[in-house]
There are 2 protein chains.
Amino acid sequence: MPAGRHPDHAPLELERFVPYQLSIVSNTVSQAIADDYQARHDLGVTEWRVMAVLARFDGLSAREVAERTAMDKVAVSRALARLVAASRVRRHIHADDKRRSVLGLTAAGWKIHDEVAPMARLRERELLARLAPEEQVWLTRILDKLMPQDGREG
Amino acid sequence: MPAGRHPDHAPLELERFVPYQLSIVSNTVSQAIADDYQARHDLGVTEWRVMAVLARFDGLSAREVAERTAMDKVAVSRALARLVAASRVRRHIHADDKRRSVLGLTAAGWKIHDEVAPMARLRERELLARLAPEEQVWLTRILDKLMPQDGREG
DNA sequence: TGCAAATGGTTTCAGATGAAACCATGATGA
DNA sequence: TCATCATGGTTTCATCTGAAACCATTTGCA
């Protein structure tokens with residue numbers, strides 16, 4: 001009988017438990033990427049996600065940023081505060097609705113984006129390079145399926 | 001004016017970026033599982049991981065638990081403090097090395113384990129049920145490959 | 001021996017985080 | 001017009017977390 005000392009209790013094998021594996025792999029790779037730009041640009045994960053979204057969609061409101069980053073609005077608010085303070089993001093007030101903000105990257109923000117984005121892509125390639133080509137295709141397909149589709153925001 | 005695209009800046013598409021997808025999927029599923037046992041047993045993720053490891057390997061030290069759970073020793077120390085306080089884990093001092101602890105589940109710990117483990121497995125099956133059978137096989141294979149190998153064996 | 005370095009584990013401090021309360025503005029309806 | 005509710009966003013509070021400092025014990029070695 002394999003390594004279990006308590007077969008009657010059917011203990012979980014953590015290292016073969018998919019949610020655990022996902023957590024480990026995710027944390028390892030995210031941390032590796034974050035280490036790069038945190039040191040170089042004093043930029044947190046949440047801040048980078050906000051910047052990445054604003055790079056694609058100029059003029060979003062904070063709420064829309066939250067939707068697209070799967071972060072909650074508190075996290076977005078704080079990330080924006082830091083980004084605006086560092087002049088990486090500009091924030092106007094919406095002309096027709098004074099509650100909404102209108103967000104976008106500044107020149108400084110774009111500069112950082114253009115350094116970080118290729119580096120992030122490189123790390124992604126390094127991760128995928130550990131897989132055979134067909135495995136890479138399957139992983140992409142599988143993650144697309146597992147991603148929460150409609151995404152109720154909070 | 002259309003919400004701006006910036007092809008010259010090659011912005012990252014977050015929702016197709018593998019590390020981001022991993023993070024979302026991992027957090028979603030981990031949270032779903034944790035919600036179950038947190039409410040029912042007042043048990044945190046870190047505590048559950050410690051219990052799962054002790055269910056398989058009786059008599060580990062805190063350092064060994066940290067290795068096997070991929071948690072740092074501070075987190076393990078705190079999880080153990082709560083588990084011991086709740087009489088879910090017993091802790092002796094190692095006979096030949098008074099620094100080491102010798103850990104194991106109590107009867108109460110086993111009882112909780114035997115309720116939580118099947119539930120966790122059920123959630124894992126629910127996750128995998130969203131995939132075709134061959135995708136399930138590929139995911140398992142892929143995660144095994146992506147898991148950081150630490151050269152130790154158990 | 002004796003003393004510095006290493007190790008197991010805990011505590012401290014400082015930053016990150018989420019839930020809920022909060023504030024200002026905007027929409028709704030009598 | 002006013003009262004009420006909804007919405008965008010920020011602040012507060014309590015918890016969680018990791019890095020580094022810390023304590024006790026063990027190991028290495030002159």
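The figures here come from the full heavy-atom set of this structure, side chains too, leaving out hydrogens, waters and symmetry mates. Below, chain A is the first sequence line, B the second, and so on; all start at residue 1.
- You'll find the side chain of A/His41 stays beyond 4.5 Å of the side chain of A/Glu47, heavy atoms only.
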Polar atom pairs (N or O), protein with nucleotides 17-20 of chain D, under 3.5 Å:
| residue | atom | partner | partner atom | Å |
| --- | --- | --- | --- | --- |
| D/dG18 | N7 | B/Arg78 | NH2 | 2.7 |
| D/dG18 | O6 | B/Arg78 | NH1 | 3.4 |
| D/dG18 | O6 | B/Arg78 | NH2 | 3.2 |

> Can you check salt bridge (Lys or Arg N to Asp or Glu O under 4.0 Å) on B/Arg121 and A/Glu13, steps first, answer last?
Replying inline: CA-CA 10 Å; B/Arg121 269 190 263 261; A/Glu13 289 184 55; over 6 Å; no

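- Between B/His9 and A/Trp110, the two ring planes are parallel [angle under 30°; tilted spans 30° to 60°].
- Rounded to whole Å, the distance from CG on B/Asp97 to C1' on D/dT25 is 7 Å.
- For C/dG8, one of the phosphate oxygens OP1 or OP2 lies less than 4.0 angstrom from a side-chain nitrogen or oxygen of B/Arg63.
- Atom pair B/Arg100:CZ and D/dT27:P shows a separation of 10 Å (rounding to whole Å applied).
- Residue B/Arg99 has its side chain nearest to C/dA6 when only C/dA6, C/dT11, D/dG9 are considered.
- A straight line from NE2 of B/His92 to C1' of C/dG8 spans 18 Å, rounded to a whole angstrom.
- Following rounding to the nearest Å, B/Asn27 (CG) and C/dG18 (P) show an atom-to-atom distance of 9 Å.
- Residues passing the salt bridge (Lys or Arg N to Asp or Glu O under 4.0 Å) test with B/Arg125, sequence neighbours excluded: none.
- Looking at B/Arg90 and B/Asp58, a side-chain N of the basic residue comes within less than 4.0 Å of a carboxylate O on the acidic one, giving a salt bridge.
- Not one side-chain nitrogen or oxygen of B/Ser101 sits closer than 4.0 Å to the OP1 or OP2 atom of C/dG8.
- For B/Glu64 and C/dT7, the CD to P distance is 14 Å, given to the nearest whole Å.
- Within the structure, ring-ring contact (aromatic ring centres under 6.0 Å, His included) pairs that include any residue of residues 117-149 of chain A comprise A/Trp138-B/Trp138 (at least two apart or interchain).
- Taking atom CD1 on B/Ile93 and atom C1' on D/dA24, their separation rounds to 11 Å, with Å as the unit.
- Per the geometry, NZ belonging to A/Lys98 stands 5 Å off P belonging to C/dG26, to the nearest Å.
- If you find the closest nucleotide of DNA chain C to A/His94 and to B/Ala62, the one lying nearer the 5' end belongs to B/Ala62.
- The distance from atom CD of B/Gln38 to atom P of C/dG18 is 13 Å, rounded to the nearest whole Å.
- Comment: A/Glu126 engages A/Arg123 in a salt bridge, judged by a side-chain N to carboxylate O separation of less than 4.0 angstrom.
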